[in-house]
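Throughout, a chain's letter reflects where its sequence line sits, starting with A, and its residues are numbered from 1. Computed from a predicted model, the values in this text were never measured in an experiment.
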Amino acid sequence: MSVKDMQENWEPKILVFACNWCTYAGADLAGLSRLQYPPNIRILRVPCSGRVNPQFVLRAFQRGIDGVLVAGCHPGDCHYVTGNYFTRRRYLLMQRLLQYVGIDPERFQARWISGSEGPKFQQVVTEITEEIKAMGPNRKMRDV
Amino acid sequence: MKRVGVFICHCGTNIAQAVDCEKVAQNAQAFPGVAFSTDYKYMCAEPGQDLIKKAISEHRLDRVVVASCSPRMHEPTFRKCLERAGLNPYLLEMANIREHCAWVHPDDKERATLKATELVRMAVAKVIQNEPLDRSTIPITKRALVIGGGIAGIQAALDIANAGHLVDIVEKEPSIGGRMAQIDKTFPTLDCSACILTPKMVEVANHPNVRLITYSEVEKVEGYVGNFEVTIRQKARSVDLSACTGCGLCTEKCPTKVPSEFEMEMMNRKAIYTPFPQAIPNKPVIDRENCRYFKTGKCGVCQKLCPAQAVDFTQEDQLVTERYGAIVVATGFDLFDDSVYGEYGYGRYKDVITGLHFERLVNASGPTMGKIKRPSDGQEPKNVVFIKCVGSRDEAKGKAYCSKTCCMYTAKHATLVREKIKDSNVYVFYMDVRTPGKGYEEFYTRTTDQYGAKYLRGRVSKIYEKGGKLIVRGEDTLLGRQIEIEADMVVLATAMVAKENAAELAQMIGFSYDQDNFYTEAHPKLAPVETHTAGVFLAGACQGPKDIPDSVAQASAAAVKVCGLLSKERMETEPTISIVNEAICAGCGMCVTVCPYKAIELKFIQERVDGKVINRRVASVNSGLCQGCGACTVACRSAALNLKHFTNEQILAEVDALCL
């Protein structure tokens, strides 16, 4: 197999941290409504987007994940009152940190998807999959 | 070594048609820790659960992964199954291979199977680190609080009280009754509103389980489901309720006249007053802003005349703190400010009024004793124009939503005008006529066919005064022509909006509200009276525009939820909360500030260091308050805080398992 073949067959793997109350429910709704999207994402359920420690994101990149999405309730609608505000601030800091260590900051995204936004979930993960696909595999931080 | 059992569900063909379940089960066999793995058609059905139970005992499993539908659907089912098999229910993890895999990837079996395998691998990696957790129980305060004493609040309180529980109603105004007390007749039956409301008011006031706390507001809410601690401000009424007999002498003799809020300022009241004749409690209150005694220090006529010596100018606001097990929020609605529509001249022309003004005008105990007279000169209006959707369905100037009640109350008003003034003409400008409800469409048809109200489809562009008449200029879009009507009175069907301080109250109690400040229910279909905050329920128009039957129905529904809660002695709490590793906690207090529930406090512990006893500051989590969001775990710099069931180690194990 040539290098070119490998690139053509390569599919990104994307980790989605979904908050239990909004985005996880939104992803369930996308399923219930049979809204199709590329099978590249893997959802990891957390109680709140504010539970996502930057350490988890860094570990995923270290292990070679191609993209990470943190998704929670819309600002102001957090089930735990303020959790997603912390996420919002951490997201901006994380992007700068990733840039500093040489990872394309666009590989890390944060979005607000409510429990009633199945179509938005479909649209967001489809877009992000396309974007990450265009960036190619993450090789920067992979453990040797 | 942990022994994990993996159970892959076909969900009939729901999962099996997009995912090769047998292959996933086979692949799972190779994952570290997996002692047994199988697939079955319906895991959630009785035989499926039996299969899990049997496998647990046969293969001595101590951890279980079920790959099936969303845990939001069947996690409780499988947890119970584990419990029956003698395992702690928290030793279960679910991999969502239906909603998150089979249903969204129906056309690519190979990659869907790969994805399902990876989701199972993540769940296995996590479950190995699951610890048995015990639900603790907390006592429940057996008293409910209803905020708002309108029809929704009254109904909810009555239902809770009739079920045998204690309930308090906190009402901001001097009397309960709310908006329904202001309304003249109710659609579609044209029942007199007061005649059906006041018996309920009396019933609730006399109920041995109900306590009315009127002229009071909720000031602070602390605690959590089962144990709310609510501070209530009882405003100074200046009248001793226990001494006052409600004779009314004070009101009669009071020299100060003030426009009555209840009568929409179309009539005066006194400075010491009861808001309306059937008020409950039917005892007066002094409006300190307008009272001559409070303004000038001279007068005191009411105090001198009161035979019961009940008038007390020295009364002060009192703060009382009470404990409640559950809260029903039934704070109702306000009216949209019609002066936004300058073209209608509301506030400029006396005879342009709102629907609620009309209710008082047509009411037998209102300012005109039930005779429809226009406010400017007291003449009987012959041509009455109604304009619907004033503030509703107008994103530019008003609200985007439909206020739901206006179509019906405008039809009612049109009927009443035609009934009371035989030679009148009634014109209704509408965008659409929306009459979903039992008997509603029939009522509307009667309004047009039997009562002869003329419905014109179109908006009004301008209202101006000419020769004592109001000229209403609008468009009839069905005929495609301009129309001008010489009206004697114009009634605006004003939108219902959230209470002015709705957001404030929601923030105080801690539940969410939408962009229009209406309170958000936990689920629009399946949990319409719950909020996302356990123990807090919604009733009536505070949740969105509603008519009386809907408000009453929702109030009863909320009452059932409250009764369900209060009928238990103790309540189980989720054990998935934060814990502190005191050995490595530095006592910095970062967690204290990020916790939205004030569940973390700093405490001192005694330690021996080099033979000396020292006091060291560490964080401590109140298990009753912690809701398990995990915000503190991320804020903690030394990783001393961890969230049970979603520990750092568990999530990292999942990440690692995914990235293999």
Legend entry - Per-residue contact mode, Arg45(A) against chain B (heavy atom under 4.5 angstrom): both
Inset, instruction - Could you check Glu117(A) against His74(A) for side-chain hydrogen bond (donor to acceptor under 3.5 Å, both in side chains), going step by step and ending with a plain yes or no? - result: CA-CA 11 Å; Glu117(A) 292 177 327; His74(A) 286 264; 2.8 Å; yes
Inset, instruction - Heavy-atom distances under 4.5 Å only: say whether Phe86(A) touches chain B with side chain, backbone, both or neither. - result: side chain
Inset, instruction - Let me know if Tyr513(B) has heavy atoms under 4.5 Å from chain A in its side chain, its backbone, both or neither. - result: backbone
Inset, instruction - Working to the nearest 0.5 Å, report the span between NZ of Lys133(A) and OG1 of Thr129(A). - result: 8.0 Å
Legend entry - Reported CG-to-OH distance for the pair Leu625(B) and Tyr224(B), which is rounded to 0.5 angstrom: 5.5 Å
Inset, instruction - Heavy-atom distances under 4.5 Å only: say whether His100(B) touches chain A with side chain, backbone, both or neither. - result: both
Legend entry - Segment of Tyr85(A) engaging chain B (4.5 angstrom heavy-atom cut-off): neither
Inset, instruction - Between chain A and each of Glu118(B), Arg111(B), Met122(B), count heavy-atom pairs under 4.5 Å; write down the option with the most. - result: Arg111(B)
Legend entry - Between OG1 on residue Thr633(B) and CG on residue Asn648(B), distance to nearest 0.5 Å: 6.0 Å
Inset, instruction - Against chain B, work out which of Leu44(A), Leu29(A), Asn53(A) has the most heavy-atom pairs shorter than 4.5 Å and name it. - result: Leu44(A)
Legend entry - Any side-chain donor near an acceptor of the partner, Gln36(A) and Arg34(A), under 3.5 Å: no
